[in-house]
Number of protein chains: 2
Amino acid sequence: MDIADLIARDRPRFRTATAFVESVLREAILSGALPGGTPLRQEELAAGFAVSRMPVREALRQLEAQALVDFTPHKGAVVTDISAQDAADNYAIRAALEPAALRLSVPHLTHEDFDRAEALIAEMDAEGDLARLGELNRRFHLTLYARAGRPRLLALVEQHLAAADRYLRFHFAALGRDHMAQDEHAALLAAARAGDAEGAARIAQAHVETAARNIEAFFARR
Amino acid sequence: MDIADLIARDRPRFRTATAFVESVLREAILSGALPGGTPLRQEELAAGFAVSRMPVREALRQLEAQALVDFTPHKGAVVTDISAQDAADNYAIRAALEPAALRLSVPHLTHEDFDRAEALIAEMDAEGDLARLGELNRRFHLTLYARAGRPRLLALVEQHLAAADRYLRFHFAALGRDHMAQDEHAALLAAARAGDAEGAARIAQAHVETAARNIEAFFARR
DNA sequence: TCTAGCAAGATTGGATCCAATCGACAATCG
DNA sequence: CGATTGTCGATTGGATCCAATCTTGCTAGA
């Protein structure tokens, strides 16, 4: 999706221009529309969003705090580029957080949650578009974590899941989309359904770690 | 330490006013000098820092992304207040991240690291000031995690350790400083020294979880 | 007396303007 | 001929100004 589309579609949803610019830029970075290393010129962005430089600057500051852009004084902001180290970092964090979220959440999951998760697995089987596939994958995992009752923990997981989409792009490009590991998703859901929080946590951890290995192998091979 | 002191001391260390304001405000919030719920008026802060409102606004945006202040459009920023839920969140995150960092770090720790950690334990025994005690505690843990080779993971751990100081203040007030659990620190160091990453990780997790229970009990009792 | 509404002050959001810094290229000096 | 320095354009950092919105308190009417 182009940036212009995002602008036209979402502007009314935000009360302030700053929040709007921040949201669009974040999605653009996470979706890969703005690849790592892209310099973000304030004037240019301001013109694109039809606002002044100020909301752009504030938005860039927020993205800096989220480690999505790098700031250098008097040189400006650049989209953080994705390295093998960053990927390893991301997966190490997720491998720690997601099993923890699962352990807290599984005891409180409802039938509706399980049904929704199952439907998402089916949708993933049918979906062809990669961006959409990443979105479905995120929603599947977040559905299973949602009942953890720890909003900050969930926000962290969500943030790092979204960031992982940037690597997922390489993942698919290198290995094909059958590496989405749908059987692991099914096993995860089954364990959660059985109330086996510990087993589910183990599967989730292994799930993240195999993904990490795949990405690592991909980076090593070039 | 007063805000005025921080201002006088640290201004030359920063290239830009924004970075300076952000740093001072963050420390002030984490140290408890600015308690939760404090409204942060831009004009007032700008006058205090002898700058205009703009760097203050940018700094506040960054703190917002770090969940240290809450923004409401046209109403301004307020220091995020610490609730039992926030504390539980913080400890859940740390209970997941710190053992992971430890597992990665222990195999690469050096004799110097162990010596430094041991010295920090001794310093904690001798230290009376609470703020300084929290700082020593942080440095002890971070020393053991430092060789994990995952900068983002470490940054997350550091951020949440620092945030925990806000709760630690209550912890000590309620339970006395002997609850610092120095014996657990010693056990943690011993396991790390023995190269037992798994054992160290277990101790660290238990360490965080008992702290979480203490805080929870404290919040429940009022 | 109580409430709805309006008006003034306070405060933030956004735009515009000026200053400081960086990068590149050219001119000068050894 | 190479290194250094100075100047200019581009870009960001910071200050000031204006607009939008929220809050507060007063007033008028039921």
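Just so it is clear: chains get the letters A, B, ... in the order the sequence lines come, proteins before strands, and each one is counted from 1. Note: hydrogens, waters and symmetry copies are ignored here, and every other heavy atom, side chains too, is used.
- Within the structure, the salt bridge (charged side-chain N to carboxylate O under 4.0 Å, His left out) test picks out no pair touching residues 30-39 of chain B (sequence neighbours left out).
- By the ring-ring contact (aromatic ring centres under 6.0 Å, His included) test, A/Phe14 pairs with A/Phe20, sequence neighbours left out.
- Between A/Val51 and B/Leu40, the one whose closest nucleotide on DNA chain C sits nearer the 5' end is B/Leu40.
- When DNA chain C is scanned 5' to 3' for any atom under 4.0 Å from a heavy atom of chain B, the first and last hits are C/dT11 to C/dC22.
- The stretch residues 52-64 of chain B comes close to DNA chain C through B/Arg53, B/Met54, B/Arg57, each having a heavy atom under 4.0 Å from the strand.
- Residue pairs meeting the salt bridge (charged side-chain N to carboxylate O under 4.0 Å, His left out) criterion with at least one member in residues 62-76 of chain A, sequence neighbours excluded, are A/Arg61-A/Glu64.
- Between A/His74 and A/Arg15, the residue anchored closer to the 5' end of DNA chain D is A/His74, taking for each the nucleotide with the nearest heavy atom.
- Atoms NZ (A/Lys75) and P (D/dT11) sit 13 Å apart, rounded to a whole Å.
- A/Pro73 is linked by a side-chain contact (heavy atoms from CB on, under 4.5 Å) to B/Arg15, B/Thr16, counting only residues two or more places apart in sequence or in another chain.
- Among residue pairs with one or both ends in residues 37-47 of chain A, none qualify as salt bridge (charged side-chain N to carboxylate O under 4.0 Å, His left out); sequence neighbours excluded.
- When each of A/His185, A/Glu127, A/Arg132 is checked for a side-chain hydrogen bond (donor to acceptor under 3.5 Å, both in side chains) with A/Asn137, only A/His185 meets the rule.
- Under the side-chain contact (heavy atoms from CB on, under 4.5 Å) criterion, A/Thr110 pairs with A/Glu112, A/Asp113, A/Arg147, not counting sequence neighbours.
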Result block: side-chain N/O donor-acceptor pairs under 3.5 angstrom for residues 148-161 of chain B, not counting sequence neighbours:
{"unit_1": "B/Arg152", "atom_1": "NH1", "unit_2": "A/Asp86", "atom_2": "OD1", "d": "3.1"}
{"unit_1": "B/His160", "atom_1": "ND1", "unit_2": "B/Leu156", "atom_2": "O", "d": "2.9"}

